Amino acid sequence: IMPLYQTIGNAQSISVLVDDATANVTSVQVILYSDGDAKILNLTRTGGTPTSGTWTGAWQVTDTYNSHYGYDITATDSNGSTTGRIRVVN
């Protein structure tokens, strides 16, 4: 997450490295949690290969991160398998 903390109205971005040893990664989705909101962000592969790539996305901050901040990351491959789910909460 860049920058880690941001003010309402400004841009924030995320970059995730995803590896899958068995199939091509077809999608990476992030659910962003803030004090009073949750939003879904579908990432785009911006580097690497379909099995080992960098996925990125950006959004405009619309809520505060004063007491609740976190995100779930879920990647799916061409076999329909979820390759990982990471929950980060601050």
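From a predicted model like this one, the values you see are computed outputs, not experimental measurements.
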Side chain to side chain donor-acceptor pair (under 3.5 Å) filter on T62, not counting sequence neighbours, yields K39

For the residue pair N24 and T26, confirm or rule out a side-chain donor-acceptor distance under 3.5 Å. no

Would you check if the side chain of Q60 reaches a backbone N or O of G9 as a donor-acceptor pair within less than 3.5 Å? yes

Could you work out, with side chain to side chain donor-acceptor pair (under 3.5 Å) as the rule, every residue matching S52, not counting sequence neighbours? D19

Would you find a donor on one side and an acceptor on the other, under 3.5 Å apart, between the side chain of D72 and the backbone of I31? no

What's the separation between atom CG in L32 and atom CG in D37, rounded to the nearest 0.5 Å? 9.0 Å

Could you walk me through whether I14 and W59 satisfy the side chain to side chain contact (heavy atoms under 4.5 Å, CB included) test, starting with their C-alpha distance in whole Å, then the side-chain angles of each, then the deciding distance to 0.1 Å, before giving a yes or no? CA-CA 9 Å; I14 188 168; W59 64 97; 3.9 Å; yes

Would you check if W55 and V25 make a side-chain contact, meaning some heavy-atom pair closer than 4.5 Å? yes

Verify same cluster id: Y33, I40 (apolar side-chain graph, 4.5 Å): yes

Nearest-0.5 Å distance that lies between atom CD in Q29 and atom OG1 in T74: 6.5 Å

Using side-chain contact (heavy atoms from CB on, under 4.5 Å) as the criterion, list what pairs up with T44, not counting sequence neighbours. none

Report the residues that fulfil side chain to side chain donor-acceptor pair (under 3.5 Å) with T51, sequence neighbours left out, ordered by chain and then residue number. T49

Contacts of type side-chain contact (heavy atoms from CB on, under 4.5 Å), residue T46, not counting sequence neighbours: T54, T56

Which residues pass the side chain to side chain donor-acceptor pair (under 3.5 Å) test with N79, not counting sequence neighbours? none

Between R45 and G53, what is the shortest heavy-atom contact and its length? CD-CA, 4.3 Å

